[in-house]
S.K.: 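Here it is, the structure, as structure tokens.
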Amino acid sequence: MSKDQASISKDVAFGFLPAKKQDRVFGLWDLILVQVGIGVSCFCLLVGGYTGMMVSAKEAIAAILFGNALPVLLIVPMAIYFARYGIDTFIGFRSSLGYVGSNIFYFVFMILTIGYMSVALFMAGQAVVKIASLLSLPEFFTARSTGAPFFAILLFVFAFLVTFKGPLFIRKFNLIGVPAILLVMFGLISILLLGQGLDKIFALHPTEPYKDTSRSLVTALELNIGLGFSWLPYLGQYSRLAKSEKSAFKAGFLSYGVLVNIAAILGALTALVVASLDPTDWMFAIGGTWVGLIGLILLTLGNLTATIFLMYSQAISFKTVFPKKPWIFALATAIPTVLLLLSSGFYDAFNSFITIISYIMAVVGGIVISDFFFVKKQRVSIRALYDTTGAYYYWHGINPSAITSFIAGTIAYWELYNPLLDTASGMFHYMTAGIPAYFVAGICYYVSAKYVFSYRVDRSIAESKVIAPKEALQYKDTI
Amino acid sequence: MNEQNFIQESIDSKDVFIKNLYTDLHDRIQEFEGESSRIERMRLVDAVGSLFIVGAIVIFLASVIVQ
């Protein structure tokens, strides 16, 4: 076996197996640093950009802070589950969704990841188009309709080849890409504060608000609620390596619910100044030629690294769900991304995409929280999680309580807000859609699991086959 | 139901990677069930800080809406 193949196998095993005591290397600040490093991305800038087009600076800050902090608080208790058992998301969700249900959720996650990758790549493609314009390249390369797809697909191929090489090569990119996005943010902060001044920014009006100002604010809230809930599938990744449940919980909340908001707030303020939601438009507009060029290069690097990270994570997750499938098969699941890069259509519909994510993750979040804390009362069998003929088989591998709750949550969400048509009911103005959908799904799940379908594992602790945990060992959490 | 059915099947697999993976899995499950790999559990009081931050943000949002 080659060194690369050995590294990939090691990563697959690492992702699949429950963490051992010596694997738990992350204290509170370690978790915050790595999660913020991964979390601060073009998506945060873009959500901020959309927000800044609809509402003023003060409203944008309020919408971003609330829209992220509350949803993350509602889902981050799952970090306790992943930390306690040392397991990844798709293994952990088997207890609530069933073995097949968790695999279905993985495929949904895979489709969403394809969406994320296409957004990152198309933004990078647009950035390269702007660089090409500066270099006076032929029109094919400088027109958005041709140049952006061309460069985006080229960057996809590059990312695919890097990911194919495996983690040893990828780690070299992380050393460039994460600092690149952080430098972009630092540059934006400096230019905004020194070049514009906060007083001037706070006096600006948004460029594309709705006619009704309350609709603008609540839609901005819903976009950010989507960003907040979108972290659900990523909670297991590092929480499982936490030294304590407390550090997993706190780091998850602070990283995804508070600190990554800095990027979104920057995006909103910059969008207000430049009157454009697109980060690639900001660079020349506020930085001038040379600073703008550096900004575009850094943005491209940051997005390329994000794509590689997503592509690799998706392939590893595929292998943890289907460990017997070959690595190239796992990687090939990223290829449909190319279809979304052929035009700007998907990229331009990012706001609809993020609200679809809000709907799916809010509903699933309600289900898994309700299951672990209220139905199973935090008693899950780690053996049954891995034995796919075991206690979480439910009905043909899917938990019918999860199905009914997903339907209930879907009805609740879409009755309040239609993310495809951007139409909303009157009640949407008072309660958004993602947060009520979370609660509807969670309550429906509790009633279904306890009183309707009432499987043995959900009925009582005495009847379930879990081993009752005795007093946990004390593990000193160093901060 | 034989609790080790699927896991045992995989341990008996001819695929070396799967065999090793599930053998390691079996050992780790034993270790977990023997409670030698547990970590410090969280208490409700540990969430107070997060609740306080969200509370402050809610008040800020309310002040923005009211203005």
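Note that the coordinates shown come from a computational prediction; the quantities given were computed from them, not determined experimentally.
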S.K.: Check B:Leu61 against A:Leu221 and note the closest heavy-atom contact, atom names and distance.
M.R.: CD2-CD2, 4.3 Å

S.K.: Quick one, B:Phe60 with A:Lys58, criterion side-chain contact (heavy atoms from CB on, under 4.5 Å). Give me CA distance, side-chain angles, the key distance, then yes/no.
M.R.: CA-CA 10 Å; B:Phe60 176 52; A:Lys58 199 172 178 187; 4.2 Å; yes

S.K.: Measure across B:Phe17 and A:Pro323 and return the closest heavy-atom pair with its distance rounded to 0.1 Å.
M.R.: CE2-O, 3.9 Å

S.K.: Under a 4.0 Å N-O cut-off, is there an ion pair linking A:Asp23 with B:Arg28?
M.R.: yes

S.K.: Test ring pair (Phe, Tyr, Trp, His ring centres under 6.0 Å) on B:Tyr22 and A:Phe16; report intermediate values, then the result.
M.R.: CA-CA 10 Å; B:Tyr22 278 83; A:Phe16 177 76; 5.5 Å; yes

S.K.: Check whether A:Tyr386 gets within reach of chain B through its side chain, its backbone, both or neither, counting any heavy atom under 4.5 Å.
M.R.: both

S.K.: Please check: side-chain N/O of A:Glu245 versus main-chain N/O of B:Met42, any donor-acceptor pairing under 3.5 Å?
M.R.: yes

S.K.: Could you check whether atom CZ of A:Phe202 has more than 12 heavy atoms from other residues, nucleotides or ligands sitting under 6.0 Å from it?
M.R.: yes

S.K.: Test A:Leu17 against B:Leu21 for side-chain contact (heavy atoms from CB on, under 4.5 Å), laying out the working first.
M.R.: CA-CA 8 Å; A:Leu17 296 166; B:Leu21 187 71; 4.1 Å; yes

S.K.: Taking all heavy atoms of A:Ala62 and all of B:Val64, pick out the closest pair and write down the distance.
M.R.: CB-CG2, 3.9 Å

S.K.: Please determine whether a side-chain nitrogen of the Lys or Arg among B:Glu33 and A:Arg383 lies less than 4.0 Å from a carboxylate oxygen of the Asp or Glu.
M.R.: yes

S.K.: Decide yes or no on side-chain contact (heavy atoms from CB on, under 4.5 Å) for A:Arg24 and B:Ile39, but give the supporting numbers first.
M.R.: CA-CA 9 Å; A:Arg24 295 173 179 279; B:Ile39 59 171; 3.4 Å; yes

S.K.: Non-hydrogen atoms of chain B under 4.5 Å away: do they reach the side chain of A:Ala384, the backbone, both or neither?
M.R.: neither

S.K.: Could you grab the distance from atom CG of B:Leu51 to atom CZ of A:Phe253, nearest 0.5 Å is fine?
M.R.: 8.0 Å

